[in-house]
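Here's the structure, in structure tokens; my notes come after.
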Amino acid sequence: MASTVRVRFAPSPTGPLHIGGVRTALFNYLFAKKHGGTCILRIEDTDQNRYVPGAEDYIMNALEWCGIAFDESPKAEGNFGPYRQSERKALYRECIEQLLASGNAYYAFDTSEKLDFHRKDHEKKGKTFIYNWHNRSKLDNSLSMDTNTLNERLNSGEPYVVRFLSPENRTLQLTDIIRGTIEIDSNTLDDKVLFKSDGMPTYHLANIVDDHLMEISHVIRGEEWLPSLALHQLLYDAFGWDAPQFAHLPLIMKPVGKGKLSKRDGEKGGFPVFPLSWNDTTGYREAGYFPEAVVNFLALLGWNPGTEQELFGMDDLIEAFDLDRVNRSGARFDPDKTKWYNHQYLQQRSTESLVEDFLPILNEHEVPAELLGSDRVATIVDMVKERATFVSDFWGLSHFFFKRPETFDAKAVKKQWKTDTPDIMNRLLDVLKETDAFSSDTVEGIVKAWIKDNDFSFGQVLAPLRLVIVGAMQGPHVFDILAIIGKKETLARIDRAITTL
RNA sequence: GCUCCAUUAGCAUAGUGGCUAGUGCAUCCGACUUUCUAUCGGAAGACAAGGGUUCGAUUCCCUUAUGGAGUACCA
């Protein structure tokens, strides 16, 4: 059993994949790997109107960036191809004929306008129009006409769709791995369109046919499909096929307010909702997130290990993942938590790789090459990374190592720069000039001793010193900064501040 | 409206028919650093409501409320 697991992620190329989709792909991937199974990518491009060029590549690139790999996909076909539904049209045609022949489906000629009218009309009366047992005989379909008329209309080239004939008076027992048994009264179901007038199948038909033909064992998809489960089960029955097992994942909800997470929430809240940038919207990658962080927080959206562990690499996730531990209720998306994850992963990164990522930023700021020795940059990175969430935070946390402060924080100046400060700084300058060894410890020892000897308070000296060196009241230990920028630069900054402040 | 799903602190969640309901993020306070958005320590904060079942329910059942999804020739 364990070796026959075959799952699939089946996105529709109608735009960039949002993180909910990535999460679905991730859960499929984890489940497959956990059970030594196969993970398939199938492109569901049956809607010609909504097809967006580039979306398919985007999906593959995004998933690849996350480290989600497929054993079979349009790029690497296995024995069940093609892996794009638009290339499988003939298959659906055959299958719909089978359903028509067995009496499980029928032709319908009702126009969209007519159906819209019925829906609006019912709505006005506070009712819902459902195309099914209680009105299908009154509508324009093959159930309400004789064979001759049907053939005539079919041959005349009049557009038609094929609908599923939902059974009457049956209580369906559906099973979902996450939710258990669900009972549905078949009379509440409608006769869904299976085959569109443009010659393409709808999602429902194509999905069932492909999952069967591709020998999918477990369908793991979003909760928005739960209401369709009855139809899908009925379709498997109509074909006489064994249905796979189903698991419906909880939706990802907005950080605040009602409803599911949308692109707009990201714009409002200032966080990405797409893995990679798409047109003018920024993706997680471009915002500076590490793929490990994205995967980690996505995994914990709707699933938890039942332990207090929060940090999981992909291998840990494969090990720990289990469909039984997926939640039933919607998972609220928390942008703060995603930052927390990135902070965690940034701390775990090697200094070398952080330096490598930081160097281009340093160059953008036109830092002179002699300040960019890899040891020097590494020391600085180690010093500031603790308070960084993204590599892009480094510059703000360390610019004073590379450039003299151009401005001084006005509030800090007001608070720290007293009338006697220039005099104290001048005297400090003299002390510093005398010292040749400029290591952090030595300078700290000398300066502190000098402060005591002169009956100054630490705040009187150290606070303005930080201000002068950094430009604001922030940054690592002052004496560490001094040691790195060196004696000459230290003296120059103090000197300049005395004259300009 | 109808169908289905859900409901533990501000948020995400763990957990149990009976010991002070655990954890993380956020919040507040303290310490450190005579800087801090970091780190460390501490605090506050929850079983939606009402009925049952039971010796006993946050845990099982029902009702209500609230939230979510679907209700397309979209997926």
Side-chain angles (χ1 to χ4, degrees), chain A residues 10-14 44-47 49-50 85 108 110-112 115-116 119 122-123 125-131 159-163 174 176 178-179 182-185 187-190 192-204 206-207 221-230 248 250-251 253 255-256 258-260 297 300-310 325 327-341 343 347 384-389 393 396-397 409 412 416 451 457-463 465-467 470 472-478:
Chain A
S12 189
T14 55
E44 308 223 327
D45 53 351
T46 54
D47 187 353
N49 301 321
R50 294 209 306 157
Q85 290 186 328
D110 317 85
T111 61
S112 307
L115 292 174
D116 269 351
R119 273 189 274 268
H122 275 64
E123 204 178 321
K125 295 174 191 158
K127 290 199 279 187
T128 309
F129 174 77
I130 306 178
Y131 201 126
Y160 66 87
V161 300
V162 179
R163 287 182 179 270
L174 276 9
D176 177 275
I178 296 167
R179 283 151 223 279
I182 299 162
E183 282 196 358
I184 301 278
D185 174 3
N187 289 345
T188 65
L189 265 25
D190 61 344
K192 274 273 181 293
V193 171
L194 261 21
F195 211 80
K196 300 185 267 189
S197 56
D198 66 357
M200 285 292 245
T202 59
Y203 168 85
H204 303 290
N207 191 260
R221 73 223 306 195
E223 192 187 325
E224 68 268 28
W225 294 111
L226 196 52
S228 302
L229 181 55
H248 290 89
L251 263 15
M253 316 303 287
V256 288
K258 303 173 178 180
K260 63 175 174 181
F297 83 73
L300 275 286
L301 234 36
W303 170 84
N304 76 82
T307 65
E308 276 160 23
Q309 184 179 351
E310 295 203 86
R325 298 210 60 90
N327 290 121
R328 284 180 286 272
S329 55
R332 197 174 281 274
F333 181 76
D334 182 357
D336 286 336
K337 196 71 188 249
T338 69
K339 287 187 181 157
W340 180 81
Y341 274 112
H343 179 257
Q347 306 315 312
V384 302
K385 73 172 181 186
E386 193 181 51
R387 56 230 324 155
T389 299
D393 293 337
L397 293 167
D409 181 63
Q416 312 295 353
I451 290 173
S457 74
F458 281 129
Q460 227 176 335
V461 180
L462 266 21
L465 177 60
R466 174 178 291 280
L467 180 62
V470 174
M473 298 311 284
Q474 55 167 261
H477 193 55
V478 225

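FYI, side chains are in, hydrogens and waters are out, and symmetry mates aren't considered; it's all heavy atoms of this structure. Here is the naming used below: chain letters follow the sequence lines, and residue numbers restart at 1 for every chain.
Ring geometry for Y203(A) versus W225(A): interplanar angle under 30°, hence parallel rather than tilted (30 to 60°).
No contact: K127(A) has no heavy atom under 4.0 Å from any strand. Contacts of T14(A) with the nucleic acid, taken as non-hydrogen atoms under 4.0 Å apart, are absent.
The environment of CZ in R119(A) is crowded: more than 12 heavy-atom neighbours from other residues, nucleotides or ligands sit within 6.0 Å. No more than 12 heavy atoms of other residues, nucleotides or ligands shown are found within 6.0 angstrom of NZ on K339(A). Around atom CD of E123(A), no more than 12 heavy atoms belonging to other residues, nucleotides or ligands sit under 6.0 Å away.
Each of G70(B), U35(B), A38(B) was ranked by its minimum atom distance to the side chain of R466(A); first place goes to U35(B). Side chain of S197(A), nearest nucleotide from C25(B), A14(B), C73(B): C73(B). Set against C5(B), C36(B), C25(B), the side chain of D334(A) has C25(B) as its closest nucleotide. Across U33(B), C25(B), A6(B), the shortest atom-to-atom separation from the side chain of K337(A) is found for C25(B). Checking A69(B), C74(B), A38(B) against the side-chain heavy atoms of P227(A) singles out A69(B) as nearest. Considering only side-chain atoms of D336(A), the nucleotide from G68(B), C25(B), U34(B) that sits closest is C25(B). Closest to the side chain of S112(A), from the set C73(B), G68(B), G70(B), is C73(B). Looking at the side chain of S12(A), the nearest of the listed nucleotides U39(B), A12(B), A75(B) is A75(B).
Searching all strands for a Watson-Crick or G-U wobble partner of U66(B) with both distances below 3.5 Å returns A6(B). Using N1 to N3 plus N6-O4 or O6-N4 for Watson-Crick, or N1-O2 and O6-N3 for G-U wobble, each under 3.5 Å, G41(B) pairs with C29(B). Across the strands present, A12(B) finds its partner in U23(B); the criterion is a Watson-Crick or G-U wobble pair with both atom distances under 3.5 angstrom.
The phosphate of A14(B) (OP1 or OP2) has a side-chain N or O of N304(A) nearer than 4.0 angstrom.
Taking the C1' atom of each, C62(B) and U53(B) are spaced 11 Å apart, rounded to whole Å. Of the C1' atoms belonging to G10(B) and U16(B), the separation is 25 Å, rounded to the nearest Å. Nucleotides C32(B) and U39(B) place their C1' atoms 8 Å apart, quoted to the nearest Å. Between U58(B) and G15(B), the two C1' atoms lie 10 Å apart (nearest whole Å). Taking the C1' atom of each, A46(B) and G30(B) are spaced 26 Å apart, rounded to whole Å. Nucleotides U8(B) and A48(B), compared at atom C1', are 10 Å apart to the nearest Å. For the C1' atom pair drawn from G68(B) and U59(B), the interatomic distance equals 24 Å after rounding to whole Å. On the C1' atoms, A14(B) is 11 Å away from G24(B), given to the nearest whole Å.
Taking each heavy atom of E44(A) and A10(A) in turn, the nearest pair found is OE2-CB, 3.3 Å.
Side-chain to base pairing of T188(A) with C2(B): no donor and acceptor N or O lie closer than 3.5 Å to each other. For U23(B), the base has no donor-acceptor partner in the side chain of E310(A) [N/O atoms by modelled type, under 3.5 angstrom]. A donor and an acceptor atom sit less than 3.5 Å apart, one in the side chain of R50(A) and one in the base of C74(B).
By the 4.5 Å heavy-atom criterion applied to side chains, L229(A) and I184(A) are not counted as neighbours.
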